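Written below as structure tokens is the structure these notes are about.
Note that this is a predicted model, so its numbers are computed, not measured. A, B, ... follow the sequence lines: proteins, then strands. Residue 1 opens every chain. Worth knowing before you read on, the calculation uses all heavy atoms, side chains too, and leaves out hydrogens, waters and symmetry mates.
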Number of protein chains: 2
Amino acid sequence: MTKKAMKGGDAAKTADFAPQESAGYLVRDAHRAFQRLIEKRIAPFGVTRGQWYFLRVLWTKDGISQRELSESVGMMEPTTVIALQSMEKAGLVRRERSAEDKRKAQVWLTPKAKKLKARLLPVARHITMQAREDVTQAEFELFRDVILRMTRNLDKYRR
Amino acid sequence: MTKKAMKGGDAAKTADFAPQESAGYLVRDAHRAFQRLIEKRIAPFGVTRGQWYFLRVLWTKDGISQRELSESVGMMEPTTVIALQSMEKAGLVRRERSAEDKRKAQVWLTPKAKKLKARLLPVARHITMQAREDVTQAEFELFRDVILRMTRNLDKYRR
DNA sequence: CAATATTACTTAGAAATCTACCTAAATGGA
DNA sequence: TCCATTTAGGTAGATTTCTAAGTAATATTG
């Protein structure tokens with residue numbers, strides 16, 4: 001793309017701690033690359049990426065409570081509320097107050113959402129495959145191991 | 001978790017593509033862990049993480065145009081506009097229309113922002129160190145290599 | 001049993017980030 | 001020269017995500 005600026009390479013050193021070398025920067029960049037591609041590929045199905053993460057969990061566990069769902073997806077509960085509102089409006093889920101415990105809301109996929117599974121899971125697989133194109137299984141496993149450890153480390157210091 | 005059994009078997013194929021195994025999920029999770037921690041650590045200095053990314057670039061190249069800045073930071077231009085507005089309001093930058101080309105706006109750090117460098121860079125280093133706590137240099141390098149390749153792959157299919 | 005704590009969900013508000021346009025300035029070809 | 005194109009920046013509007021604080025239902029305990 002744009003390699004015009006930067007000729008000598010002298011500036012690279014002065015920047016102690018160049019962003020490009022930092023784990024956070026690498027992760028953020030990769031994250032946005034995934035986001036962009038996912039969004040583009042699922043938009044034709046009328047699904048946003050916020051909905052996508054929830055669908056992926058609901059396809060495997062239907063009828064769970066919002067709290068469980070939040071945990072499975074790894075989102076805070078207000079995020080779940082907002083996602084579910086949009087999913088309800090889009091006809092992807094139905095919410096029902098639990099009879100035994102009226103605090104709880106059970107979340108159910110609609111037939112429409114269930115049908116989407118067969119169309120959307122291949123999209124996910126395809127993106128993953130494209131990302132991993134030239135990455136061997138061994139490399140990927142080490143990558144996974146490292147990124148999981150880093151995530152856990154950060155969560156540990158979360159306070 | 002539940003990943004003990006099953007190694008190279010058929011389960012990997014038929015399993016409903018567990019999110020936890022997918023590169024996108026791993027990256028997204030790590031990304032949010034970084035975000036949360038950065039945000040917490042820089043908030044006491046009155047800096048948001050949106051401003052943070054721009055500061056890091058401006059500390060090494062002051063006086064560049066908004067477009068250059070967008071590229072360096074890796075953000076779309078409207079994002080840069082919004083970040084700079086908040087930074088101007090916070091007294092971190094000053095913008096000046098270029099005399100030679102009145103379309104261009106040069107972005108300059110204020111003394112306040114320059115002073116923050118000495119306080120904030122250590123924060124970045126510390127987070128990186130905590131993330132990499134139990135990760136060897138060799139592991140990290142492989143991680144970086146893999147995540148960079150994946151990012152590049154995804155960008156390639158971006159269309 | 002009433003007061004209190006906990007749990008499940010919700011609301012409010014802010015921030016980061018994108019896509020799609022829009023305006024103004026500079027540039028370049030006919 | 002003049003009009004079309006390109007370039008720099010900006011607006012509008014949407015989505016995702018968070019923290020902080022609220023409300024209602026249930027559980028606990030003195």
Nearest whole angstrom, please: distance from the [atom2] of [N] to the [atom1] of [X].
X     : N      : atom1 : atom2 : answer
A/I82 : D/dC18 : CD1   : P     : 10 Å
B/M87 : C/dT17 : CE    : P     : 13 Å
B/R49 : D/dT17 : CZ    : P     : 11 Å
A/L69 : D/dT17 : CG    : P     : 13 Å
A/K89 : D/dA14 : NZ    : P     : 11 Å
B/M75 : C/dA16 : CE    : C1'   : 7 Å
A/I64 : C/dA8  : CD1   : P     : 13 Å
A/E88 : C/dC9  : CD    : P     : 13 Å

Practice task
Name the nucleic acid region contacted by A/T79, choosing base, sugar-phosphate or nothing; use a 4.0 angstrom heavy-atom cut-off, strictly under.
Solution key: base
Practice task
Please check the phosphate of D/dT17 (OP1 and OP2 only) for any side-chain N or O of B/R32 closer than 4.0 Å.
Solution key: no
Problem - Phosphate OP1/OP2 of C/dA14: any B/T48 side-chain N/O under 4.0 Å - result: no
Handout entry: Per-nucleotide protein contact string for nucleotides 5-10 of chain D (B base, S sugar-phosphate only, - none; heavy atom under 4.0 Å)
Key = --BBBS
Exercise for the section: Consider only side-chain N and O atoms of B/Q137 and B/E141, and report whether a donor and an acceptor are under 3.5 Å apart. Expected result: yes
Exercise for the section: Taking the side chain as every heavy atom from C-beta outward, state whether A/M75 and B/R32 have any atom pair closer than 4.5 Å. Expected result: yes
Practice task
State whether B/E88 and B/R94 are salt-bridged, where the test is any N-O pair (Lys NZ or Arg NE/NH1/NH2 against Asp/Glu carboxylate O) under 4.0 Å.
Solution key: no
Handout entry: Carboxylate-amine/guanidinium proximity below 4.0 Å for B/R149 and A/E133
Key = no
Completion exercise
With the side chain defined as heavy atoms from C-beta on, B/Y53 is closest, among D/dC18, C/dA15, C/dT17, to C/dT17
Practice task
Could you tell me whether the side chain of A/R97 and the main chain of A/R103 form a donor-acceptor pair under 3.5 Å?
Solution key: yes
Exercise for the section: For A/K102 and for A/Q35, locate the closest nucleotide of DNA chain D by heavy-atom distance; then report the residue assigned to the nucleotide nearer the 5' terminus. Expected result: A/Q35
Exercise for the section: Any ring-ring contact (aromatic ring centres under 6.0 Å, His included) involving residues 130-150 of chain A? Give me the pairs, sequence neighbours left out, ordered by first then second residue. Expected result: A/F140-A/F143, A/F143-B/F143
Under 3.5 Å, side-chain donor or acceptor atoms of residues 78-85 of chain A against the rest of the protein: list the pairs with distances, not counting sequence neighbours.
residue: A/T80; atom: OG1; partner: A/S70; partner atom: OG; Å: 2.7
residue: A/T80; atom: OG1; partner: A/M76; partner atom: O; Å: 3.4

